[in-house]
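Read the structure below first, then the notes.
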Amino acid sequence: MFCQACGNEIAEGARFCSKCGATQDGGQVVRAQAPVDERAVLIQNITDSSEVINAIAETENKITQSKEEMERHKKGTGFGGILAAVLVGLWLSSMFSLMIGAAFNNSGVVGFIAFIVAFVGIVAFAVRRRKNHVQKLAEFTQIYNESVQTLETLRQDASLSWLPYDYRDSFSMGHIVTYLQNMRARNIQEAINLLETEMHQARVEFLSASAASAAQDAAASAGASAAFSFLSLFK
């Protein structure tokens with residue numbers, strides 16, 4: 001049997017623990033509790049929070065897509081396009097008015113009317129196009145802001161209490177879940193440490209590759225410069 005106070009194994013029927021001296025409850029047998037399987041508990045927690053995990057991934061994708069759309073439409077909200085349309089419109093309208101005027105025996109009135117119609121049409125198209133970009137920018141900005149708020153709410157969901165807040169994103173959760181399912185980690189601490197280690201290694205490899213690429217470019221540039229200098233001696 002085992003001591004009820006410290007868990008030390010003692011003789012069957014003993015009333016006192018030989019280690020801590022605690023009195024036993026009528027000499028009853030106390031069975032040792034099985035150790036908690038942290039990995040199994042985490043796997044269950046992951047299963048229970050799978051809907052929130054998937055929702056976070058979907059919301060992050062929505063944020064990325066809306067941000068890309070915002071950048072695209074933002075470029076079309078400037079007045080540069082209208083100015084360009086005015087300049088191009090002047091040139092095209094002049095060409096069009098000359099063609100129409102020639103078709104009507106060089107009629108200046110007809111040519112002028114054709115010029116005005118063509119010019120106004122081109123500028124109106126540019127103004128309408130800019131207005132469309134402004135509307136789309138406002139729509140995607142609203143989608144982006146709402147998605148950011150939704151993501152924050154999801155990251156604070158109670159079902160994710162098993163995971164530290166800083167790792168409640170689809171990238172981190174995807175790797176942590178994989179580590180636990182593939183038995184590369186037995187608990188959340190091991191999974192996070194493994195993630196940080198692999199991320200650090202990836203950063204080091206990226207920096208090394210960037211440095212090597214920069215060195216190759218510099219060497220190629222130096223070689224080209226030396227060759228040019230050599231050839232210039234024969235001019």
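In this text the structure is predicted, and so the values were computed from the model without any measurement.
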Just do the side chain to side chain donor-acceptor pair (under 3.5 Å) check on N61 and T64 with the steps written out, would you? CA-CA 5 Å; N61 289 334; T64 300; 5.4 Å; no

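- Proximity of a side-chain donor or acceptor of S50 to a complementary backbone N or O of I46 within less than 3.5 Å is not detected.
- Counting heavy atoms from C-beta outward, V123 and V127 have side chains that approach closer than 4.5 Å.
- Using a distance-only test at 3.5 Å, with no hydrogens or angles considered, a donor-acceptor pair links the side chain of S66 to the main chain of K62.
- Using modelled atom types and a 3.5 Å distance limit, the side chains of Q44 and D48 yield a donor-acceptor pair.
- By the rule that hydrophobic residues join a cluster once side-chain heavy atoms approach within less than 4.5 Å of another member, V134 and L137 end up as members of separate clusters.
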R203/H200 under side chain to side chain contact (heavy atoms under 4.5 Å, CB included): CA gap, chis, key distance, verdict: CA-CA 5 Å; R203 287 193 293 267; H200 175 71; 3.8 Å; yes

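- Enclosure of atom CZ in R186 is not indicated, since only 12 or fewer non-hydrogen atoms of other residues, nucleotides or ligands lie within 6.0 angstrom.
- Side-chain contact check for I192 versus P164: some heavy-atom pair is nearer than 4.5 Å.
- Between E69 and R72 there is a salt bridge, since a side-chain N of the basic residue sits under 4.0 Å from a carboxylate O of the acidic one.
- Separation of atoms CE (M70) and NZ (K67) is listed at 8.0 Å; rounding is to 0.5 Å.
- Side-chain contact annotation: Q142 with E146, donor-acceptor N/O pair under 3.5 Å present.
- In this structure, the side chains of I53 and L160 come closer than 4.5 Å at one or more pairs of heavy atoms.
- Summarising the local packing, CD of E51 is surrounded by 12 or fewer heavy atoms from other residues, nucleotides or ligands at distances under 6.0 Å.
- Note on L194: it clusters hydrophobically with M199, by side-chain heavy-atom contacts below 4.5 Å among ILVMFWY residues.
- The closest donor-acceptor contact from the side chain of N132 to the backbone of R128 lies at 3.5 Å or more, if one exists at all.
- Partners of H73 according to the ring-ring contact (aromatic ring centres under 6.0 Å, His included) rule, which considers only residues two or more places apart in sequence or in another chain, are H133, F140.
- Here T153 contributes atom OG1 and I56 contributes atom CD1; the two are 10.5 Å apart, rounded to the nearest 0.5 Å.
- Between atom OG1 of residue T178 and atom CE of residue M183 there is a gap of 14.5 Å, rounded to the nearest 0.5 Å.
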For E152 and Q156, run side chain to side chain donor-acceptor pair (under 3.5 Å): C-alpha distance rounded to whole Å, both residues' side-chain angles, the deciding distance at 0.1 Å, then the answer. CA-CA 6 Å; E152 182 61 24; Q156 293 181 359; 2.7 Å; yes

Trace of the side chain to side chain contact (heavy atoms under 4.5 Å, CB included) decision for L180 with I176: CA-CA 6 Å; L180 292 168; I176 289 173; 4.1 Å; yes

Side chain to side chain donor-acceptor pair (under 3.5 Å) between Y167 and E196, worked out: CA-CA 11 Å; Y167 298 93; E196 292 291 350; 2.6 Å; yes

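- The CE atom of M173 lies 11.5 Å from the CG atom of L195; values are rounded to the nearest 0.5 Å.
- Side-chain atoms of E198 and Y179 form a donor-acceptor pair, as typed in the model, at a separation below 3.5 Å.
- At least one donor-acceptor pair under 3.5 Å links the side chain of R155 to the backbone N or O of Y165.
- Residues R39 and N187 are not in side-chain contact: their nearest non-hydrogen atoms beyond the backbone lie 4.5 Å or more apart.
- Listed for the S172 side chain is no donor-acceptor partner under 3.5 Å among the backbone atoms of R168.
- Taking F125 as the reference, nothing meets the ring-ring contact (aromatic ring centres under 6.0 Å, His included) condition, with sequence neighbours excluded.
- Rounded to the nearest 0.5 Å, atoms CG (L163) and CD1 (I188) are 5.0 Å apart.
- We find the CD-CD distance between E60 and Q65 to be 12.0 Å, quoted to the nearest 0.5 Å.
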